[in-house]
Amino acid sequence: MIAIVGLVIGVVAGLVLQPTVPLVLQPYLPIAVVAALDALFGGFRAMLDGLFDDKVFLVSFLSNVVVAAFIVFLGDQLGVGGQLSTAVVVVLGIRIFSNAASIRRHIFKA
Amino acid sequence: MSVDDETPETPETPEAPERQVSGWRRLARLLRPRGTRSELLTGLLCLLLGFALAVQVGQSTGDQLSGLRQDELVRLLDEVTQRADQLDAEVSDLEEIRDDLRSADGRDQAARDLARQRAEQEGILSGRLPAQGPGVQIHVADGARPLEAQVLFNLLEELRNAGAEAIEMNGVRLVTTSYFVDSGGGVVLDGAAVASPYEWTVIGDPQTIDRALEIPGGALPRVRDEGGEAVTTVSDQVTVDAVRIPGEPEHAEPEDG
């Protein structure tokens, strides 16, 4: 419940404040958001599985974000930033889908 | 399926015995706020995620270019620069063509003006065009005896010598090929009989023509000698309406060069 409230507050704050993303972070923010979404879905699934652990969630959330951003950064340095960010988005998207399917099975039994 | 995943050490001990709980119930149970540290942490992370999500959405919908990567921007800039160069080259090409056309048009116009001017001059001299201007009108009439063609031709020659540019007599335009012949008591001009009185209309310098015609032994004194009548009227504005379509030269050809 608090998680949902936090999410809503965050979205509202972002929409109201409209801060300018620093130029350095601009290529990494979308990837980081997708990675965090993946962690969120994973945590939700673990919660439904009854395996939820706040420490695991925190670590997976942060490491997802950091690793995704790092991969994109590395790609930028290697000159394949665009392709690597696409790869990261594809992998995270697949994970989000499989987590969402698991959640669906829990809730709808189907 | 979900039942198999259920682990024995669930934190919700009161609900533990009920194993066949429905998904929705479990969801509602999980969403119930409990105020634990884990929930607060999760809420904080979700807040961060929501914030970043909203910021990124605002960023990517606000400005298309700011979301692009550096190499994409460089490529875009290259394309724009290249396109601008192409357009610049096209502009200079088109301007060159336009200038060419303009100057060609000006030359054509000058040539057309010159050609029209010449056509007018030659048209007047050859009798192809009607003309007007200062000149004289001459009234010549038979006396007791009809005037001979020789007398009239003499008058025409005097007019030409005096610089007459357009000559008309009794509605016939006199040109370089005009001739007078005697024909059984009358006079024939260019194949058609003409009769007294002979009304001449001449365009040229009036004073010169008048003086040339009246010199002793000249054209008009000779008419009077023959018993005829000759009166000259000087005018600032006379009109020669009669025209003659010049025939195509049969033998003569323009010389090239």
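Each chain gets a letter, A, B and so on, in the order the sequences are listed, and its residues count up from 1.
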task = Measure distances from A:Leu15 to the heavy atoms of chain B and classify the residue's part below 4.5 Å as side chain, backbone, both or neither.
result = both

query = Tell me, side chain or backbone of A:Leu17 under 4.5 Å from chain B's heavy atoms, or both, or neither?
reply =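 Contact with chain B is through the side chain of A:Leu17 alone.
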
request  = Taking atom CZ of B:Arg98 as the centre, report whether more than 12 heavy atoms of other residues, nucleotides or ligands fall under 6.0 Å from it.
outcome  =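 Result for CZ/B:Arg98: enclosed.
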
query = Do the side chain of B:Arg173 and the main chain of B:Arg128 share a donor and acceptor less than 3.5 angstrom apart?
reply =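 Judged by distance alone, no pair lies under 3.5 Å.
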
message = By the definition side chain to side chain contact (heavy atoms under 4.5 Å, CB included), identify the one residue from A:Val65, A:Asn64, A:Leu58 that meets it with A:Leu62.
response = A:Leu58

key: Between B:Leu41, B:Val55, B:Leu45, the one whose heavy-atom pairs under 4.5 Å with chain A are most numerous   =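 Option with the top pair count is B:Leu45.
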
key: Separation between CD1 of A:Ile103 and CZ of A:Phe108, rounded to the nearest 0.5 Å   = 10.5 Å

message = Let's test your reading of the structure: which of A:Pro30, A:Ala32, A:Ala13, A:Ala36 forms the most heavy-atom pairs below 4.5 Å with chain B?
response =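 Heavy-atom pair counts peak at A:Pro30.
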
